[in-house]
Chemist: 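Handing you a structure now.
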2 protein chains.
Amino acid sequence: MTAAIALADAEGLPAVSMRAVASALDTTAGSLYRYLSSRDDLLDLMTDHAVGELKPYPRPAGDWLDQLQALATQQLELHRRHRWLGEVIQRPTAAGPQTLSWFDHCLGILREVPAPTTAKFEAIALMTGTVVLFSRAQPTGQPFAALDPARHPHLTAALANPGPPPKDDLFARALRALLTGLLLGERGQEAVAEGVHAPDRAVGHRGQAG
Amino acid sequence: MTAAIALADAEGLPAVSMRAVASALDTTAGSLYRYLSSRDDLLDLMTDHAVGELKPYPRPAGDWLDQLQALATQQLELHRRHRWLGEVIQRPTAAGPQTLSWFDHCLGILREVPAPTTAKFEAIALMTGTVVLFSRAQPTGQPFAALDPARHPHLTAALANPGPPPKDDLFARALRALLTGLLLGERGQEAVAEGVHAPDRAVGHRGQAG
DNA sequence: CCTAAACTGCGAACGTCGTTTGCAGTTTAC
DNA sequence: GTAAACTGCAAACGACGTTCGCAGTTTAGG
């Protein structure tokens, strides 16, 4: 269980074979089926255990956008710590209790945001998707073998003049752009530009937490 | 090759085994290694072949944002047609010629956008990532088994009151929010809100194409 | 305290996977 | 006409997820 997580952290998800985790537990592959129904079961348990690391949730500070950003930042750290998470959560399996709790916490933050429920669901899904995207991108080696400048003029030009390194707040900017665009619609753009962070109604995090 | 794509379209990526495509070609698994060096090779070929379906690229219309949106919409249709694409392109392999050509085309559209090269790379990657995210989300069954209203108050409330269905322009809105946020920075938000689509310099697609 | 039932862990095996290998049959070159 | 090179393929290898049946141990009942 935690042995499987350690294995995945160290050697990647493909290294998490029934035989490997059994060996780490000084037993054999078949024996694991006394406790697990399948390998997918193991992956589900690993996922929910990892999501549990997000607790305690950050104390509410700022408006809902700030709070979601804090949550996403924490989530990004989690995905960098467990690089196999992005791959695992893309399977269509039932969500575990920790995942359910986290999702409920997100909805709590969005409670007063005037957007339909479906939009909030999509926004949270896309937030996690963005986290996964950013957790992957770090070492850009040279994925381009032989470039023909005639065939790919813009690409060669871009590579010849790489320009300044990317700003490190790229994640926060992308996230805020996505969330405001999704949840506030076109009017959200103006609101952000004007420095207005919340709609008319008060958007606080009243009392409860997960 | 095309047989493998047909197989993946029909029965999913796991069904694309060496033996299965060999059987479709009336031969055996080992024989394929006369033409392919590995299964990853086959997947790479399938990917590049599928990306080739994006040609001819849509004729340039509107500013760079409109053009990228058209490209992304076309890409989304491709990913819905070949649902295995999203999974395949996440492997860290070298890009094929069609993929290179497409990437170069994107950079051509962004040619006059005043953003560093690295930012453009990230934006294109995130655009594709958004396409993958949206290509997945279609049937939301009931992923929630037994909900404890006390433990997940917001979630149960949200499910009890689903609200109106999501607007179908959600993809376009998310994409535009992401791209403007990434490539224009904070100032981009104002520009979009004011209906201004391009910076001072003319942003046309002059002549060439991929 | 002894026996019967239930449960535990585990070695061995099954089928499938990607990949390698050696062998026939055929084509090419001298 | 012979030697070299190339082709397709059946068989096999190791690793995978998973199943099965058998020992050893724990529990329940008389």
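Chain naming here is simple, since letters A, B, ... match the order of the sequence lines and numbering starts at 1 in each.
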Chemist: Just compare dT20(C), dT18(D), dC17(C) and give me whichever is closest to any side-chain atom of S17(B).
Modeler: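 Closest nucleotide to the S17(B) side chain: dC17(C).
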Chemist: Quantify the bending of the helix from dA5(C)-dT26(D) to dC30(C)-dG1(D) as the angle between its end axes, each fitted on five pairs, to 10°.
Modeler: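 Terminal axis comparison yields 20°.
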Chemist: What is the distance, rounded to the nearest whole Å, between atom CZ of R19(A) and atom P of dA13(C)?
Modeler: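 Rounded to whole Å, this separation is 13 Å.
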Chemist: When you look at CD of Q74(B), are more than 12 heavy atoms from neighbouring residues, nucleotides or ligands closer to it than 6.0 Å?
Modeler: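 Counting neighbours around CD of Q74(B), more than 12 heavy atoms of other residues, nucleotides or ligands fall under 6.0 Å, so yes.
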Chemist: For H82(A), which residues count as a ring pair (Phe, Tyr, Trp, His ring centres under 6.0 Å) partner, sequence neighbours excluded?
Modeler: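 Expected list: W84(A).
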Chemist: Taking only the side-chain nitrogens and oxygens of T28(A), find out if one of them lies under 4.0 Å from OP1 or OP2 of dC10(C).
Modeler: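 No, T28(A) has no side-chain N/O under 4.0 Å of OP1/OP2 on dC10(C).
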Chemist: Look at S38(B) and dG18(C) and indicate whether a side-chain polar atom (N or O) is within less than 4.0 Å of OP1 or OP2.
Modeler: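 Indeed not, no polar side-chain atom of S38(B) lies that close.
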Chemist: When the distance from CG of D40(A) to C1' of dC16(D) is rounded to whole Å, what number comes out?
Modeler: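 Result: 14 Å.
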Chemist: Calculate, to the nearest 0.5 Å, the distance between atoms CD and CD belonging to E53(B) and E77(B) respectively.
Modeler: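 Going from CD on E53(B) over to CD on E77(B), the span is 11.5 Å.
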Chemist: Which whole-number value in Å describes the distance from L13(A) CG to dC16(D) C1'?
Modeler: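 Rounded to the whole Å, the gap is 14 Å.
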Chemist: Nearest whole angstrom, please: distance from the C1' of dT18(D) to the CG of L32(A).
Modeler: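 Distance check: L32(A) CG to dT18(D) C1' gives 11 Å.
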Chemist: Could you tell me how the ring of Y57(A) sits relative to the ring of H105(A): parallel (under 30°), tilted (30 to 60°) or perpendicular (over 60°)?
Modeler: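 Correct class here is parallel.
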Chemist: Phosphate oxygens OP1/OP2 of dG8(D): is one of them under 4.0 Å from a side-chain N or O of Y35(B)?
Modeler: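 Yes.
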Chemist: Rounded to whole Å, how long is the line connecting atom OH of Y33(B) with atom P of dC23(C)?
Modeler: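 After rounding, the gap between these two atoms is 21 Å.
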Chemist: Examine the base of dG17(D) for any acceptor or donor lying under 3.5 Å from a partner atom in the side chain of R39(A), and report the outcome as yes or no.
Modeler: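 Donor-acceptor pair under 3.5 Å: no.
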Chemist: Could you tell me how far apart M18(B) (CE) and dA10(D) (C1') are, to the nearest whole angstrom?
Modeler: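 Atom-to-atom, M18(B) to dA10(D), this comes out as 18 Å.
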Chemist: Within less than 4.0 Å of OP1 or OP2 of dC9(D), is there a side-chain N or O belonging to S31(B)?
Modeler: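 So the side chain of S31(B) is within the cut-off, an N or O lying under 4.0 Å from OP1 or OP2 of dC9(D).
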Chemist: Heavy-atom distance under 4.5 Å between the side chains of L110(A) and F121(A), does that happen here?
Modeler: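 The answer is no; the side chains never approach within 4.5 Å.
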Chemist: By nearest heavy atom, map V16(A) and G30(B) onto DNA chain D; which one lands nearer the 5' end?
Modeler: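 In this pair, the answer is G30(B).
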Chemist: In this structure, how many angstroms lie between the C1' atom of dT27(C) and the CZ atom of R34(B), rounded?
Modeler: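 To the nearest whole Å, that distance equals 14 Å.
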Chemist: What's the spacing between L65(B) CG and R176(B) CZ if we round to 0.5 Å?
Modeler: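 Reported to 0.5 Å precision, the distance equals 4.5 Å.
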Chemist: Rounded off to whole Å, could you give me the CG-to-P distance for the D41(B) and dG18(C) pair?
Modeler: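 Going from CG in D41(B) over to P in dG18(C) covers 14 Å.
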Chemist: Can a donor-acceptor pair be found between the side chains of S38(A) and Y33(A) at a distance below 3.5 Å?
Modeler: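 No - no donor-acceptor pair under 3.5 Å links their side chains.
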